[in-house]
Amino acid sequence: MDRFAARVVAVVRQIPPGRVATYGDVAARAGRPRAWRAVGNVMRACGDATVPCHRVVAAGGRLGGYGGHELLKRHLLAAEGLRVTGTRVLRFAEVRWRPGHAPGGRR
DNA sequence: TGGTTGACGGTGG
DNA sequence: TCCACCGCCAACC
């Protein structure tokens, strides 16, 4: 497991239920604000059920993709009390998880 | 070692 | 508001 991937996974696992974070936010907290692309790759490769990858959405509240299981992602988010419509998360600004400063920023 | 892909972000039309 | 194009970083072939 690469340092970056581990960092991304750690961040995603910190996302509380009923909240969502964008790939950009996760990447930023992972230490690479411009590596949101890689975050998507890590997510795709991530098969760990302990990682709530369904809480990671695209910018603007868009669901983005989910390995072809976008429907499932939408269902999981709805199960957490999130309002989802089509490929969009309603009240995104309110349910968006805002990560504080990275703890013990070690590079 | 180099090139392409991808669960994307942002801007423009 | 939705669709298309360009730019980006890391992983895989």
Side-chain angles (χ1 to χ4, degrees):
Chain A
M1 179 81 70
D2 301 273
R3 192 180 188 78
F4 178 72
R7 195 105 176 161
V8 171
V9 172
V11 173
V12 175
R13 291 183 65 179
Q14 289 174 51
I15 303 174
R19 296 288 172 139
V20 293
T22 66
Y23 291 91
D25 292 337
V26 175
R29 198 147 195 262
R32 291 290 182 275
R34 296 175 297 183
W36 20 263
R37 299 294 284 253
V39 173
N41 271 3
V42 175
M43 287 286 125
R44 187 166 68 87
C46 177
D48 196 328
T50 62
V51 181
C53 40
H54 62 272
R55 290 177 194 155
V56 182
V57 299
R62 294 177 302 188
L63 294 184
Y66 199 66
H69 294 278
E70 308 168 16
L71 282 275
L72 174 62
K73 184 175 184 179
R74 187 172 65 184
H75 177 74
L76 291 172
L77 293 175
E80 296 187 354
L82 294 176
R83 295 266 290 160
V84 183
T85 161
T87 61
R88 211 73 166 191
V89 177
L90 300 181
R91 301 169 68 87
F92 171 65
E94 298 179 29
V95 298
R96 183 180 182 182
W97 175 59
R98 305 209 170 181
H101 56 78
R106 174 84 269 110
R107 283 231 327 125

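Quantities reported herein were computed from a predicted structural model and do not represent experimental measurements. Letters A, B, ... mirror the listed sequences (proteins, then strands); counts begin at 1.
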Inset, instruction - Identify whether any heavy atom of A:A38 sits under 4.0 Å from a base atom; if not, whether one sits that close to sugar-phosphate; answer base, sugar-phosphate or nothing. - result: base

Inset, instruction - Rounded off to whole Å, could you give me the CZ-to-C1' distance for the A:R88 and C:dC2 pair? - result: 9 Å

Legend entry - Base C:dC8 paired with A:R37 side chain (donor-acceptor, <3.5 Å): yes

Legend entry - Residue-phosphate contact under 4.0 Å: A:R34 side-chain N/O, C:dG7 OP1/OP2: no

Inset, instruction - Mind calculating the distance between CE (A:M43) and C1' (B:dC8) to the nearest angstrom? - result: 13 Å

Legend entry - Pairwise side-chain contact, A:V57 with A:K73, heavy-atom cut-off 4.5 Å (strictly under): yes

Inset, instruction - Rounded to the nearest angstrom, tell me the gap between atom CZ in A:R62 and atom P in C:dC3. - result: 11 Å

Legend entry - Check: A:R55 and A:W97 side chains under 4.5 Å, non-hydrogen atoms: no

Inset, instruction - Let me know, please, whether A:A58 or A:V39 comes out on the 5' side of the other along DNA chain B by nearest nucleotide. - result: A:V39

Legend entry - Residue A:T22, side-chain heavy atoms: nucleotide from B:dA7, B:dG9, C:dC9 that is nearest: B:dG9

Inset, instruction - Specify the separation, in whole Å, of atom CD of A:E70 and atom C1' of B:dC8. - result: 14 Å

Legend entry - Between C:dC9 (P) and A:Y23 (OH): distance, integer Å: 19 Å

Legend entry - Nearest-angstrom distance from the residue atom CG of A:N41 to C1' of B:dT4: 11 Å

Inset, instruction - May I ask you to test the A:Q14-A:R29 pair for a side-chain heavy-atom distance under 4.5 Å? - result: yes

Inset, instruction - Between A:W36 and A:A45, just flag the one whose closest nucleotide in DNA chain C comes earlier from the 5' side. - result: A:W36

Inset, instruction - Answer whether the closest heavy-atom distance between the side chains of A:V20 and A:I15 falls below 4.5 Å. - result: no

Inset, instruction - Compare all side-chain heavy atoms of A:L63 with those of A:R88 and state whether any distance is below 4.5 angstrom. - result: no

Inset, instruction - Between B:dG6, C:dA10, B:dC8, spot the one nearest the side chain of A:R44, thanks. - result: B:dG6

Legend entry - Value in whole Å for how far the P atom of C:dC12 lies from CZ of A:F4: 13 Å

Inset, instruction - Starting at atom CG of A:L63, determine the distance to atom C1' of B:dC8, rounded to an integer number of angstrom. - result: 14 Å

Inset, instruction - Taking only the side-chain heavy atoms of A:A35 (C-beta and beyond), determine which of B:dC8, C:dC9, B:dG6 contains the nearest atom. - result: C:dC9

